[in-house]
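Below is one structure, written out as structure tokens; comments come after it.
Order of the sequence lines fixes the chain letters, A, B, ..., with proteins taken first and strands second; residue numbering starts at 1 for each chain.
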Amino acid sequence: MTKPLAFRPHERLRSPRDFRRVYDRRRSVSDVHLIVYGCENQLPYCRLGLSVSRKVGSAVARNRFRRLYREAYRQSRSQLPVGIDLVLIPRSSQPPELAALLDGLPRLVKQLARKLNLKASP
RNA sequence: CGGGCCGGCCGGACGGCCGCUGCCUGGGGAAGCGUGCAGCGCUUCGGCGUCCGCACGGUGAACCGGGGAGAGGAAAGUCCGGGCUCCACAGGACGCGGUGGUGGGUAACGCCCACCGUCCGAUUCGACGGCUGGACCUUACCCGUCCCGGCCGCCGGAGAAGGAUAGGGAAAGUGCAACAGAAAGCAAACCGCUUCGUCCUCAUCGUUUAGCCGUGAACCCAAGGCGAGCGCGCGCAGCGCCGCUUGCGGCUUCGCACGCCGCGCUCGCCCUGGGCUCGCGGCUAAACGUGGGGGUGAAGUAAGGGUGAAAAGGCGGGGGGGCCUCGGCCCCUUAAUGUAAGAGCCCACCAGCAGCCUGGUGACAGGCUGGCUCGGCAAACCCCACCGGGAGCAAGGCCAAAUAUGGGAGCAGGACUGGUCCGGUCCGCUACGACUCCCGGGUAGGUCGCUCGACUGGCCGAGCAAUCGGCCGGCUAGAUAAAUGGCCGUCACGGCCGCGCGCGAACGCCGUCGUCCUCACGGGCGAGGGUGGCCGCGCGAGGCCGCUACAAAACCCGGCUUACAGGCCGGCCCGCAGG
RNA sequence: GGGCGAUUGGUGAAACGGCUAUCACGCUUUGUUUACACCGAAGAGUUGGGGGUUCGAUUCCCUCAUCGCCCA
């Protein structure tokens, strides 16, 4: 019944408490484009948080980062494991290509799931 | 056509698929709520409480649909100004901060509009100086005059469109100006110059006086030398003579002899030294006169004083003739000359100042008159006028959660809240009846504030304009780890690349024809043709790139400032040419 | 979002509107030493960028940039 490519507000990480919990779990993986922190959440879905600091550029550039990350998560969600809170942090100040994110994000999240000793996605 | 300058506007369009955030709406119906029934518990048998179950009711989450909206001209920087919210607040004074031509606009402003002043501005006009050309004058040249010029330098005036302008007061006061310079702000001192005086010094000449030196002459004195005379000497030797011890002694004389030597005195001559007088020359000193230099004093000062950003405004001019005692007088002329001497003196024009008049709401402008020449800096202190209470939506209210019913103050003499008196404030009356404030500690969730507004489109009207008024329409983001995105198509737009076609002006090359020069080679001119690459314009079909610059609301507005791919539109001035 | 502050050699600092912008450490070159250290000499600044006021600006004013701090 649920639309497969929708991105609902409850799938977003919103409070500083949640971010604190993910950082305190101290599990992260990365590639050239981004750093991904992760933490189990005991929910049947993942949640996404974005942390784009002033260092990567102006407001326009930061919006560009966030939108690309959301779009990548939205399109690749079917390939991801469930039950993880994710925080994405950019590594360089150059905005990446969407294709590179679509390729890199599932790989990184699966790698993260192994670190967290979770089963792979069904 | 060429050159210069200014203003306004836009900020890709359409479509498809998948998404995001509010709003409206159709389903959906979880959880919770209310009522009833049933059950259970308690019961003073009236009822009370309640997990769960059932029914009904309205509210209504997830989810599935539909509709509609969804970043900017700067949303930015946070440089000003307001609205709004909370806190504080009798009034005044002092202080602090801001603004600063005038008039208007506005809710307000450091913003906007119009005007004023100042500066810049293509260009243009004038004066002066220099160089140069021409004409006149002259035999000729110079000078001079005139003219038409030309070039250069310097100074001043006017000044298009337009640009800049924090632009009140320097005559209220305080202060600043390095270095340089005579002096940096009461205009005088200083250097310099002129006149008069005084002192010192130097020079030279003249005069006088004094002294010294040299020299010449006369006189005097002293010493010396030579000569002559006289005198003296137990001075001396030869010959001679005498004696004897035969080689020694004696005799200076009445033997040669008027011998030689020494001394003294006198006279003469010469030389030297000194003194005095006179003459000449030189030197020194003093006085007077002359000239030069220096110091100093008084008076005058009107040339000049390099510097500096700046030195009491700028610029130009001040003619001619006669007489003589040569510096004055007289005359003519001029707009215009005085001093012992040289001009900031005089005259003309411009600038500035003051007064008056006229115009303007005003800043100011114009005119007349007058006498005068007065520096810069207030984005230095300051004075004057005007404005300004403080903080900011992370303001502030409510709910939830959490912490330490901790400390202090007020309050039953009535806090706080509400009602009444048109609205507001105080007072009064009244209802309710226990909180309120500060410090300290805790929390970081939700919700309201939150988007209809000094909003905006069109038309009409007022106004030079900014702007204002009226009428008819429109609704145009409300996110909060923070929404407008992703993929793609089509078309515009721009850039680059090469291709084809056409046109245009000039250029090069190659033929042809006509004509001219030449004996010819060859060359000139003209007409027309072909061709070449390049340039420009237009058209056509492509490819590639950029599907775009600067940049994203965070309570809301008005400005300013800054950033910006590309494009569109309009206006003003000057010059030239044509009609 | 809102409110404040700062910017001077490589680093940390100083300066009355007026001389070639000063001091310490560091760096480079060089002298000294067999070599190193110490010591001596020399060098390197568009006072963050731009504009304005003034005769003159590190200083005064405006604007832009960069960096830092604070708030319920």
In Watson-Crick or G-U wobble terms, both distances under 3.5 Å, what is the partner of B/C535? B/G504
When rounded to the nearest Å, what value does the distance between P atoms of C/C61 and B/C80 take? 13 Å
Rounded to the Å, how far apart are A/R64 CZ and B/A549 P? 11 Å
Reading RNA chain B from 5' onward, which residue's closest nucleotide shows up sooner: A/A59 or A/R70? A/R70
Are A/Y37 and A/S30 close enough that some pair of their side-chain heavy atoms sits under 4.5 Å apart? no
Work out how far the C1' atom of B/G156 is from that of B/G129, and round it to whole angstrom. 15 Å
Single-linkage hydrophobic cluster A/L102~A/I35, side-chain heavy atoms < 4.5 angstrom: no
Is the closest side-chain heavy-atom distance between A/L48 and A/L88 below 4.5 Å? yes
Chi-based syn or anti call at B/G22, which uses purine or pyrimidine torsion atoms and a 90° bound: syn
A/R74 with A/E71: basic N within carboxylate O range, under 4.0 Å: yes
A side-chain contact here means heavy atoms from C-beta on lying under 4.5 Å apart; do A/V60 and A/R64 qualify? no
Stem finding on RNA chain C, please: runs of three or more consecutive Watson-Crick or G-U wobble pairs, both distances under 3.5 Å, sorted by first number. C:1-7 with C:65-71, C:10-13 with C:22-25, C:27-31 with C:39-43, C:48-52 with C:60-64
Side-chain contact test, heavy atoms from C-beta onward, threshold under 4.5 Å: evaluate it for A/L34 versus A/I89 and give yes or no. no
P gap between B/U476 and B/U50, integer Å: 49 Å
What does B/A404 pair with, Watson-Crick or G-U, if both distances are under 3.5 Å? none
Qualifying residues under ring-ring contact (aromatic ring centres under 6.0 Å, His included), relative to A/F19, sequence neighbours excluded: none
For the side chain of A/R74 and the base of B/C18, is some donor closer than 3.5 Å to an acceptor across the two? yes
CZ of A/F7 versus C1' of B/G19: gap in Å, rounded? 10 Å
Both distances below 3.5 Å, Watson-Crick or wobble geometry, any strand: find the nucleotide opposite B/G514. B/C525
In Å and rounded to the nearest 0.5 Å, what is the CZ to CZ distance from A/R114 to A/R27? 14.5 Å
Taking the chi torsion of B/A506, is it syn (within 90° of 0) or anti (everything else)? anti
Identify each atom pair where a protein N or O and an N or O of nucleotides 72-78 of chain B are less than 3.5 Å apart, giving names and distance.
none

Say you pick atom C1' in B/C564 and the same atom in B/C503; how far apart are they, in whole Å? 40 Å
Across all chains, not counting sequence neighbours, the salt bridge (Lys or Arg N to Asp or Glu O under 4.0 Å) partners of A/R20 are A/D24
In this structure, how many angstroms lie between the P atom of B/G486 and the CG atom of A/L102, rounded? 13 Å
For B/A434, which nucleotide in any strand shown is its Watson-Crick or wobble partner with both distances under 3.5 Å? none
Could you state the atom-to-atom distance from CZ of A/R77 to P of B/C18 in whole Å? 15 Å
Considering only the C1' atoms, how many Å lie between B/A466 and B/U425, rounded to the nearest integer? 41 Å
For A/S15, side chain to side chain donor-acceptor pair (under 3.5 Å) partners two or more places apart: A/D18
Please write out the pairs of protein N or O atoms and N or O atoms of nucleotides 479-481 of chain B separated by less than 3.5 Å, giving the distance to one decimal.
| unit_1 | atom_1 | unit_2 | atom_2 | d |
| --- | --- | --- | --- | --- |
| B/U480 | OP1 | A/R14 | NH2 | 2.9 |
| B/A481 | O2' | A/L13 | O | 2.8 |

Rounded distance (nearest 0.5 Å) linking atom CG of A/L98 with atom CD of A/Q75: 5.5 Å
Just label B/G457 as syn or anti from its O4'-C1'-N9-C4 or O4'-C1'-N1-C2 angle, using within 90° of 0 for syn. anti
Go through B/C64, B/A483, B/G485 for me and flag the one nearest to the A/R67 side chain. B/G485
Between A/R47, A/R70, A/R77, which is the residue that forms a salt bridge (charged side-chain N to carboxylate O under 4.0 Å, His left out) with A/E11? A/R77
B/U44 -> Watson-Crick or G-U wobble partner, both distances under 3.5 Å, gives none
Considering all heavy atoms, the nearest A/K115-A/S28 contact: NZ-O, 2.9 Å
When A/V22 is tested against each of A/N41, A/I84, A/V87, A/L86 for side chain to side chain contact (heavy atoms under 4.5 Å, CB included), which residue passes? A/V87
In Watson-Crick or G-U wobble terms, with both distances under 3.5 Å, the base opposite B/C5 is B/G571
Considering all heavy atoms, the nearest A/L101-A/A72 contact: CB-CB, 3.7 Å
Pairwise P distance for B/A182 and C/G17, with rounding to whole Å: 31 Å
Please give the nucleotide sitting opposite B/C422 as a Watson-Crick or G-U wobble pair, both distances under 3.5 Å, or none. none
Would you mind reading off the distance between A/Y69 atom OH and B/A482 atom C1', rounded to a whole angstrom? 17 Å
Give the rounded distance in Å between these two atoms: NE2 of A/H10 and C1' of B/C20. 14 Å
Can you tell me how far C1' of B/U484 sits from CG of A/L68, to the nearest Å? 15 Å
Once you apply the 3.5 Å cut-off to both distances, tell me the Watson-Crick or G-U wobble partner of B/G489, or none. B/C14
In whole Å, what separates the P atom of B/G231 from that of B/G259? 12 Å
Work out how far the C1' atom of B/C5 is from that of B/U106, and round it to whole angstrom. 32 Å
Atom pair distance, as rounded to whole Å: CG in A/L98 and C1' in B/C488: 13 Å
Regarding B/U436, purine or pyrimidine glycosidic angle vs 90° from 0 gives anti
Are any of A/N63's side-chain N or O atoms less than 4.0 Å away from OP1 or OP2 of B/A551? no
Is the base of B/A412 syn or anti, if syn means a glycosidic angle within 90° of 0? syn
